[in-house]
Structures are given as C-alpha cells and as structure tokens.
Protein chains: 4
Amino acid sequence: MPGVPPSRFAYLGPAGTFTEAALLTLPAAQRGNRIPMRNVPEALEAVRGGDADAALVPIENSIEGSVAVTLDSLVSGEPLVITAEVVLPVEFVLAGVTGGEVATIASHPHALAQVRRFLRMKYPAVTTVETLSTAAAAEAVSNGKADACVCAPLAAEHNGLTVVESDIADNPGAQTRFALVSRPLPPAPPSGNDVTSLVVYIAHDEVGALLTVLSELSVRGVNLTRIESRPTGERLGRYAFYLDCTGHIADERVGEALTGLKRVCAQVQYLGSYPRDGGDGPIPPPRGLADRDFADAAAWLARLRTSGG
Amino acid sequence: MPGVPPSRFAYLGPAGTFTEAALLTLPAAQRGNRIPMRNVPEALEAVRGGDADAALVPIENSIEGSVAVTLDSLVSGEPLVITAEVVLPVEFVLAGVTGGEVATIASHPHALAQVRRFLRMKYPAVTTVETLSTAAAAEAVSNGKADACVCAPLAAEHNGLTVVESDIADNPGAQTRFALVSRPLPPAPPSGNDVTSLVVYIAHDEVGALLTVLSELSVRGVNLTRIESRPTGERLGRYAFYLDCTGHIADERVGEALTGLKRVCAQVQYLGSYPRDGGDGPIPPPRGLADRDFADAAAWLARLRTSGG
Amino acid sequence: MPGVPPSRFAYLGPAGTFTEAALLTLPAAQRGNRIPMRNVPEALEAVRGGDADAALVPIENSIEGSVAVTLDSLVSGEPLVITAEVVLPVEFVLAGVTGGEVATIASHPHALAQVRRFLRMKYPAVTTVETLSTAAAAEAVSNGKADACVCAPLAAEHNGLTVVESDIADNPGAQTRFALVSRPLPPAPPSGNDVTSLVVYIAHDEVGALLTVLSELSVRGVNLTRIESRPTGERLGRYAFYLDCTGHIADERVGEALTGLKRVCAQVQYLGSYPRDGGDGPIPPPRGLADRDFADAAAWLARLRTSGG
Amino acid sequence: MPGVPPSRFAYLGPAGTFTEAALLTLPAAQRGNRIPMRNVPEALEAVRGGDADAALVPIENSIEGSVAVTLDSLVSGEPLVITAEVVLPVEFVLAGVTGGEVATIASHPHALAQVRRFLRMKYPAVTTVETLSTAAAAEAVSNGKADACVCAPLAAEHNGLTVVESDIADNPGAQTRFALVSRPLPPAPPSGNDVTSLVVYIAHDEVGALLTVLSELSVRGVNLTRIESRPTGERLGRYAFYLDCTGHIADERVGEALTGLKRVCAQVQYLGSYPRDGGDGPIPPPRGLADRDFADAAAWLARLRTSGG
C-alpha cells in the first residue's frame, strides 16, 4: 500500500459524531470515502477485511466510544497499526430549531453528564432524553422528537439545526484523541516529535514487573505520555499495559528500548509510530541519546572488542 | 455514619443492568433501598447530596458505564471514598419470548460488540437494534419491539423473558469491577487482602516522574494491581494516575508509602481502602514489611538517636 | 560522656604523620593528650578499652594507613561511632638539613609513589630509601640515615628539618580524610551539612540487591558521597557496603531511610552522623523532604486513618 | 602480542610477598621471568614502558599493597587492561629458626594487625618489629634481626625458615585478589564465567547519578561484584566508580550495557574482561539476556522497521 494513499475511511458513526469531525481534519479523508460504522470493532474489522483502507476510532477520553472496547479490538485479531493521531477539543453546542421553546434536550448519556452544570443553570426544568450518540440526538431534534440537543457542531450542521449556545462543556479544557488505524505498513519517517504505541504483557505475580518495564524505557530516555493497565481475560493472572512512548521506532533509543521490552516481557505488540498531533515541531533527543550518540558508542565498543583499547 | 450501616443505595440503572446484579451481591443492599440513577455522575451526586448513603458504579471494563466518566466524577467535587468492591464475571445471555422466532436482537452497542462472534455463528441474518442499556434491551423485548436481547440474567428475570442461551460472550473470562462509594468514613480494619485506591497528580514535564511515583510504592513493598494515566483538563501539562495498590491504609507499609507520595507529588487523593473481592484470604506482607518490622526498625532508630548505639 | 569533652586522643602514629597534622586541626586535641599508636586497630582498641576517649584514623585515600584495615577494624568488635571528620589536602614537602647535598631520599613507599614525577624531574639520580611512615623518614634524616625525606610539613618541623620544596605531590588536588572515633555517643545536633556513615550487609546472590539499597536512600532524597563494597570474610557469599550518606540521623528523611535499610538488609551498622568538614554551611533539604514536609504528611495520614478524608 | 604469550612478569616485590605467591599460580609465570618491583606504580610503568609483558598487582584487600594506589595507577597514564585475576586466601604463618626462643616478631604493620588475636594469646610478651613487607620480615629473621616473623609460606621457604604455626590469621576466611595487567590486547573468548572491570566518571552534583549507572547495568542483567567510589583529584566535584561486572565484553548484554554507560557517563574506561578465578564453570545468562535473545529481538525490530508488522 505504500505509495497508494488510503481513500476509504471507516469511522465510528453515525455521521455527525465527534469522530467524523476528527476525520475531516485529515486532508486525505476530506477527499476520500467516509464510511460510518456502528461501533469500533466493526470499524476495525472493515480494515482487517479489506473493506476500508483505514479507520478512525476514539482511543482516549471519548464521549461515545469506549476506550476499553477500542483497545481490546485493536489487539485481538489480525495485526493493525496506528498511522496518525487526531486530538480534538471536546466542543459541545446546544442546537435546536430557530425560535422554538426548549422543554426537552436529547443527547448521549456521557455528553449529558459533561454539560450537567450548564443544564442546571440555564435549563433547570428541562427533560433530558438519552440517545445512542450525539449525532442521533441531532437527528431526533430534526425529526421533532426533542426540542434541542447537545452535540458536536458538525452534527448541528448536518441536520440543519441552529446553534443556540457554544462551548457548553462544564470542563472547557477536555480533549478527545482518535487513532487512524490501518493494516501493517512501513512507518513514515520520523517527524522529530513522534509517538510509539505498544502493548506489553507481563506475568501477574512478578513483583515489580511494571518497574522493570518502565526501566527498559527510562534507561533509553524514552518517556511515557500514557499508560493503562488492563487485566487480560484470556489467561487469568496476566496484565497488559498500553503504553504511548515518546519517539519513533526508527530512532535508535526507541529501537533499543523495544528490543529490551521484547526480551523481558511475555509479549510485546507494536501498534505504530506516528507524529504527535499538535506538537510544536521536532524535539531534540535527550543528552547522549541521539542516533549519533548510539553510533559513537557502538564504534567505541567495536574497537574495544577487537583491540582491547 | 459509623455504626449505622448504609441503607439507601444508588446505582447505575436502569433496573436489570449488570450494576444492579453486582449490587445484589451485597447483603446490606439486598435488604436496603436500591435507587437506579441515569448515569454515574448522578449516582455519585446522590451520595454527595445525602440522597443516598452509598452508590455502586462500574470502575473497570464495564459494558454500559464509561470508566473514564466514573473516575472523573469520583475525583471532582466533594470527597468520596470507596468502601467495597464487587467483581462480577461478564455473563451475557440471549433472552426472548418462548417459542418466538428471532429476526431482531436488541442490546447496548458495547454488549453487541462483545457477542459478535456468537451472533455471526448462530444468528448470521439477524438485525441488531441498539439500546441505551442491556436492561433497556430486555424491556424492548418485553414490549414487543425486538424478538430477543443480549442482557444480564437479572434483566431477563425482571422482564419475564426466557433465557435462550447462556454464557454467550466471545471472551468467556471477562470481568467487570464495581465500586461501592460513600462520603468519607473511617476505613474498616484491614482484612489482610485489601486494596487502596489513589489518584496522584504529577507535573507533565518532569522526566521520570512516574518512576518516582512507583519507587515510592515499590520501596515499601506496595504492589500495583492497576494503573491508568489521564491528562487533566483543568491544568494543561499535568497528569493524573489512578492507582490500585495492594494493602490497607492502616498497614505501616501503605501508610509510609502514602506519606512518601504526599511529599513528592503535586497532589494525592485517597479513594479508600477496602477488601479485595474474591481474594483468597489474608496474604502475608512481604519480607521485612510487616507492621512488626516497622515497629522493630523504629525502636532501633530511636535507640540510635538517643544513645548513638 | 556527654558534657565531658574527650581529652585523650589516640591517633595513627608516629608523631609527625599526616594523621597527627589532621588531629591538630581539632581544638580539643590541641589542648588534650595526643597518643600515637602503631596502627589503626590498636588506636581503635585504645578507645574500646577506655585508654583513650577518641581516636583519629585515616578512612579515605590515605598515604600510610590502609583504608581497608580501618574499615575492618571499625566494624568488628565493640561498637564505635564517628563523631567528626577532618579532610586535609595531601601536602608533601621535601625536607632536609640546610646546605646538604641530596643523594638519598627517604619516605613511605606510598608517599614516594605519589611524588615520582617530581623526583624523576628534579632528582633523577637519587637513591630512595623506604621507611614505615613519612614521620619515620623525617626521623631518619634527622639521624643522618638519609639526606632528605618526603613528609608532611609537621614532621619536618618536629625533626628540625628545613623544607627544601613544598607542594611536590604529582597530583596537587589529592586529599586525605580522617575520622574521629569514640564509643557510642548521642549524636550532636545537625549542623545542616552532615554525613551519616553506615555499613550494610546484603546477601551475595540476591540480584539487584545494591539497587534495592540505593533505592531506600534515593526515595528519601538521601545522596551518597561514598560507596565501597567489601566481601565479608565471615560468611562466604555476603557483601558489605560502606556508605557515606548526606544528612544527619536526626533528620526525618535519614531516619526513615535507615529504618528502610534496617528492614531490607541482613544487617545495618550505624557508624555516626557528623558535620561535613569544609562544607559551605547548611544545605537546604531536597524539595518535599524537610522535617516539616514529613510532619505535614504524617498529619495528613493520621487524618485519613481516623476519618477517611 | 596475541600468539606470543607473556614471558616477563613484573610484580609487587620483594620476592616472597603474597603477590609472588599469587604469580606462581600462573603457569606462564612459573616458566617466565619474574621481576620484583618496589611498588605498584613501578610495576605498571614497567608494562607501559615495555620492560615487562605483564604485571601482577594486588587490587583488593591486600596486606602490603594499597588498593587505592593500584586503582589510581591503573587509570592514569597509557591504557592498560586486566587479562586475568588470581584470588588467594590470606595464609599467614609464623616462621622462625628451629629451636630458637621468640622474643621479637617482625612483619608488615597490616599483617601484624591481622594476627593480633593470635599474638596476644600465644605470644603475649613478645616485642613486634615493623618491616616494609612480610618478605622483608622473613629476611630480617634470616639475618638475625628478629626471632620470628609473620609472612607468607613462600617467604619462609625462600629464607630457609621453619614454619612454627600455620593459618594464624584472626579472620580465617580473608582473601586477597590480584590482577594480571598488560598493554591493551584483544580479549580472550568468554569462558562463561567472566568479570569485566570498568571505571566510570560521573558529575558530582547530578542527583541519583549512581542509580543511573547501576540502572544501565541492571536493565541488561549485568550484576556488580564490586563497587568503589573515589573522588578524582583532577577535577573537583567529580566521582569515579570502579566496577567489577559479571560477564564478558563479547557478551551482547555486556556490550549493550557498556554502550549505555558510554552515552550517559562523562567518561568510561574499560579495564578488561577475564575469567573469574575459582568460579564454578560457565553460568547461564539471565532469562532473556543470552546472545540468542538479543539476536531474536534485533530480528523482530528489523522486521517492524521495514514492514510495520
């Protein structure tokens, strides 16, 4: 597939969700086909089965998609890799029909939970109606089943609704993170500010096993920007850790850290190296950990091994 | 409240969800009032506001409740503590009306995702209908809006449905974990196999900050059974780590570890010490880390400080 | 003995050695009796047996005293503690009789080794004569058995010799460190820039045992300024580590670190807390590790333990 | 020099010292020339200058040689490497002339210190005479200057003395370790139970710098059998650590650890890889750290880097 950019994009639907909004920030997806799927596993299966070239799914702090479901679906089945990330602010609007009164407000339960303070202050007497997605809530308003909805701006637009109020989330700084997933591909060259995603499996009863894992990273100056443990259902007593690390698999320090993990962990799954969305451009590697430092040290070792000094 | 056991139990509703099934494993809840709430934040607010004595909410691997929502709701607002945990196997059944044909199957999208293989094999031609909860799916069958549903055994019972097939989850070992939450209470005495839940906040740009946190625990022989990082929306550049540690706040090793975290972290929130559900009885503390070892070492230090030898 | 300052000082003799020069920097020793001993074990036994109140012995980088002998003698037998340290630059002079020619130069072999470059440049044809100490070399010159000697300025003075050349050590920055040792005493109050000396014993075959020891220190912000491992003859397969740590046993962070070591090590011997010689005055404790931080964290823990929040 | 075994062996003299006894355990030295030197720096200079092919010098727990002097001499000047070690029990004998009475006993002060208990019990009234080496003590007896001496069995033999009593050291388990040093040579192939000696230099003011060094080793499963810190006179505020590590420079895990140290330390000096004396034959590498494990992990990484999965 290298050379042929993806043109068929599955995503967590329906149209108008935050995931579609995130997808539309990718130029290739603006031009390509966008295929809404009912849930994350189906979006990923579409890629595995060849019905889509890539899928955009929520992986952190999502409103409608369960992160747990995404992670579990990523790691079971045929291998997939993340080739890009999209980070979006959680931007809720209250949308309705112009001029109408607001007695009922529809939305996904998680969205309603995130605007509770707003609703209590501005619409204390309103009846809330739960829907399966924020996009479905907009559709419900459009169909006359509710007076207004809490949704993404895109869903209001899709359904011809008027935005009554913007930026209504109780916590204004919240963000959602999405991953663009495809079948295994050679990684794009490092951008200088990259993320490498991994899943490592360790035995449950090994005391300090997580410290062992983190030491393999920290010794090579590889930082974590995310960690999440999950018990693995398959074999009782084993843990999986989802890790987002700084750096790219082509960086020497990341490569050495990966081989270290490979040797000490029960299993390591590589989920891709990709540019950090919203990063401030290339970040210099830590002191002593640039590719050049690795090359210098390797030359020094080779000399000692052959001549002793 | 000590001495007066809780009698009003809020939980993530509606009736018939996995959360109610978990709640019914607690004797006090069997006898007390069980109050279904529409979402996790409302269940916790009921406790904060005094409308309930305790709330049971999903905290790990849940089907209908988002773990992220639970964690966020636990740590913002008035303090709450976890006083018990309930671990349940994820037990899906296919339930319907006796003798009926099955053309449509209803359930929550996450539940449908977890029985995909089963449906593909046994009901390849079925139409799925998404509902807001598995309990709502059972109700839909009972109201004639679907032929069958994927739900908890309890929901089938509540709605007078017949269980067509049991144990239909694709991954048979999956579990869900629930927390019983109340306003701050003196912790119950250690059971010998306890969990202490914490949230620690560390500065984003501190290299190796997570290793620092884990070292505070490992030096005192305190293991982790769960770790999850989450960016905090409130202040950019800060991370929160949700930690489940082995041991009880009354244990000397846990107490010293907590004070260590308190000193090095930007903030530490204590979320409670409680018995591990399904544990095999008391676990002896690691070598050198029993309360008696702490007392012996403290006596030795006191002697050196006063007499020098 | 508190209240009664030491007045009888044993030291590694004979008179005129670097150890006597170090002893004379202590005001109490200037006024008191100074008792030269033939070797370090005898100096320490004089203290153990009550024949001296304190002994000054070399503990690091010494010319005439073997550090290994000092360490071994300190830890075997009745307990002793270090109450002060003295750090002296290694100041060699070439001393002789005025006007004499220099065909033979006497000194201790280690002193001769440290002025080799000087001798080769200035006295390429000289014959060297080895003596049991630098003080003995000065006496040899005074007795006409050598033309000149390499010794401490004090030895030249004692023997009425003329200093021919000063600062003749090949490595001009070298220092020697001496310890003032007494029977166990309550430690003096912290000066704010103190050293605590320890010996810890760990099992040989425990992988990572040294990392365990260092973690107990680093978690409490206690730094090492010296570490030396020595096999213990007594029990095969066990290691002893001599550690000099920053801080005072009365500091909370040092006290907690000591109790941590006490719990995880096979044995811990406390060798004293004393002011660093030549320090630049009080050093503020690391962030979060002042006594006040420990008190705050302990109060926080006590509150959680009693009220849960 | 590979192919031409060393035939000229400098050692810390005079003849009859423990160092000569250690040298005679090496077959090549039994056949070759053995050249006694007055002190360790001269022995090493003889190798540097080409006057000897190798030098045997004490490096740990020595009676007559100062370990500090050996270490300092090894690392300053032209590079040298250790090619073998010899570990000898410290075997003191009391030797004299047959039939004579024993009123005076001669020896090196450190040797006298190590037989104090023996002398106090068996010869409470004896006068001790200090000499510059244990071999010089034997010579003194042979010359009639003392009645008996404490020395190595070899010195008694050299001087035609009778062994009055054997194994007289107070601590019967003590050992001395010697290093055979030569100009840089390609290391001999691994024996399976090897030591690699290093000196690493780190900045003084870097908190936790030693932990950083040890982590580079422990992450690669390289253990320490010896560690000694020494302040470096050359540049104030810098520390040198002398390390003896398990494994051979040709082992993958040791090689990677060395390159890690090279990158993070101010300076690394390689002092040689050589078989452990008295080891019990090959020791299997730790789990996941055999050369084969490194090769497997490298192949896995290469595959991910080129194909992404």
D:Val81 portion near chain A, given a 4.5 angstrom heavy-atom threshold: side chain
Proximal to chain D - members of residues 298-309 of chain A, heavy-atom separation under 4.5 Å: A:Ala298, A:Trp300, A:Leu301, A:Leu304, A:Arg305, A:Thr306, A:Ser307, A:Gly308, A:Gly309
Residues in residues 242-251 of chain A near chain D [non-hydrogen atoms, under 4.5 Å]: A:Ile249, A:Ala250, A:Asp251
Please tabulate, for side-chain N and O atoms in residues 255-264 of chain D, each donor-acceptor pair with protein atoms closer than 3.5 Å (sequence neighbours left out).
unit_1   : atom_1 : unit_2   : atom_2 : d
D:Glu256 : OE2    : A:Arg220 : NH2    : 2.5
D:Glu256 : OE2    : D:Arg220 : NE     : 2.9
D:Thr259 : OG1    : D:Glu256 : O      : 2.8
D:Arg263 : NE     : A:Gly288 : O      : 3.3

Heavy-atom contacts under 4.5 Å, residues 191-200 of chain D to chain A: none
